[in-house]
Amino acid sequence: MHAMTIEPGDTATAPVASNRAPDPVRARLLGPLELHAGGADRAPTTPKLLQLLAMLLIRPGKTVHVDSLVHELWNDAPPRSVRRTLHTYVHHLRRHLDPGGDGGILVTGPPGFRLDVDPAMVDVSEFQRLHRLGRDLLDEDDNAAAAHAFRTALDLWSGPPLANIHCGPTLAAYTVYLLEHRRNARDLWIEAEIRSGRHREMLGVLRSLATANPFDETLHGQLIRALGLSGRRSDALAAYHWLRTRLEDELGVEPCAELRELHRELLSEGNPIR
């Protein structure tokens with residue numbers, strides 16, 4: 001990976017020469033896009049340059065085809081001189097990322113362009129690693145460790161993905177993909193916490209999430225289970241009836257089979273909640 005030139009922070013005390021490796025380039029996509037190098041955020045503020053940078057960051061270290069970039073930036077209405085305009089954007093982005101002019105991390109590699117960034121330095125890669133770790137730990141019934149892995153993964157998020165970017169078709173689809181993975185990590189985190197015996201501690205979180213997501217049957221099922229495990233069977237039944245009424249009145253559907261089975265367990269004192 002090619003690193004940008006970094007000036008010493010304290011020239012009065014810095015040695016004449018240093019063998020210390022430059023700080024790696026780090027990027028954030030789980031929230032507003034950021035790209036840090038040498039202690040500074042190098043992400044541009046110009047909308048098209050940000051969009052271009054995002055397209056390169058979702059495939060760090062890999063060449064992104066010119067046609068993919070054109071489709072994202074202009075969809076079905078590219079300008080007449082689209083290739084020349086794109087190369088102008090690349091030129092400006094390269095200068096922004098590499099103010100020192102030592103070559104930089106934005107590389108032309110036919111048939112497109114790539115960012116020489118270690119994928120591990122992009123927060124999406126760390127989120128995916130922790131997500132896989134949590135699933136593996138959950139499969140091994142190491143529930144407390146799984147909950148910690150999922151919680152750490154969720155803590156990487158600072159808001160909606162690519163929140164400061166006007167997304168075209170490719171980036172819009174990518175944000176949906178990321179949000180689905182976040183939802184899955186959240187559900188598995190709650191599941192791991194419940195399995196590890198922290199159902200009472202999760203009640204406040206679950207009530208808040210269920211209120212914000214009135215039709216999310218997975219969340220409501222987790223709330224009902226946590227209430228039942230906490231000895232609050234009447235509250236669990238009330239939560240089920242509230243959800244059933246909402247689904248029938250507003251969507252014209254019944255709760256899913258898993259929730260109906262949970263309801264039957266609640267009604268049977270001899271059949272404990274799992």
- Please assess E191 against R225 for the test salt bridge (charged side-chain N to carboxylate O under 4.0 Å, His left out), listing each intermediate value before the final yes or no. CA-CA 10 Å; E191 177 68 21; R225 280 178 59 211; 2.7 Å; yes
- Query: Can you check side chain to side chain donor-acceptor pair (under 3.5 Å) on H148 and R151, steps first, answer last?
  - Reply: CA-CA 5 Å; H148 177 73; R151 177 71 267 174; over 6 Å; no
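Using a cut-off of 4.0 Å between Lys/Arg side-chain N and Asp/Glu carboxylate O, D216 and R186 are scored as salt-bridged. With respect to the salt-bridge test (charged N to carboxylate O, under 4.0 angstrom), the residues R42 and D98 do not qualify. At a threshold of 4.0 Å, the pair R233-D235 does not count as salt-bridged, since none of the basic side-chain nitrogens sits closer than that to a carboxylate oxygen.
Side-chain atoms of R59 and S68 form no donor-acceptor pair, as typed in the model, at a separation below 3.5 Å. Between the side chains of H263 and E265, no donor N or O sits under 3.5 Å from an acceptor N or O.
Residues L259 and R264 have side chains not in contact (no heavy-atom distance under 4.5 Å, counting atoms from C-beta outward). Two residues are said to be in side-chain contact when any heavy atoms from C-beta on lie closer than 4.5 Å; D116 and V25 fail this criterion. A 4.5 Å side-chain heavy-atom check between R207 and L223 finds at least one atom pair inside the cut-off. A 4.5 Å side-chain heavy-atom check between Q51 and C167 finds every atom pair outside the cut-off. Under the 4.5 Å side-chain criterion, counting only non-hydrogen atoms from C-beta, V253 is not in contact with E248. The shortest side-chain heavy-atom distance between T46 and L93 does not fall under the 4.5 Å cut-off. Using a 4.5 Å cut-off on side-chain heavy atoms (C-beta onward), V107 and F113 make no contact. Taking 4.5 Å as the limit, every side-chain heavy atom of T175 sits out of range of all side-chain heavy atoms of P160.
Rounded to the nearest 0.5 angstrom, L171 CG and E72 CD are separated by 3.5 Å. A distance of 11.5 Å separates OG1 of T152 from CZ of F127, quoted to the nearest 0.5 Å. To the nearest 0.5 Å, atoms CG (L154) and CH2 (W189) are separated by 7.0 Å. Atom-to-atom distance recorded for Y240:OH and H220:NE2 is 13.0 Å, nearest 0.5 angstrom.
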Donor-acceptor pairs under 3.5 Å, side chain of residues 74-89 to any protein atom, not counting sequence neighbours: which ones?
residue, atom, partner, partner atom, Å
R83, NH2, D67, OD1, 2.9
T85, OG1, S81, O, 3.0
T88, OG1, R84, O, 3.0

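Side chain of T245 to main chain of H241: a donor-acceptor pair is present (N/O by atom type, distance under 3.5 Å, no hydrogens or angles).
The 12-atom threshold is exceeded at CD of E201, counting heavy atoms of other residues, nucleotides or ligands nearer than 6.0 Å.
Under the 4.5 Å side-chain heavy-atom criterion for ILVMFWY residues, a single connected hydrophobic cluster contains both I165 and L179.
Residues forming a ring pair (Phe, Tyr, Trp, His ring centres under 6.0 Å) with H166 (at least two apart in sequence, or on another chain): none.
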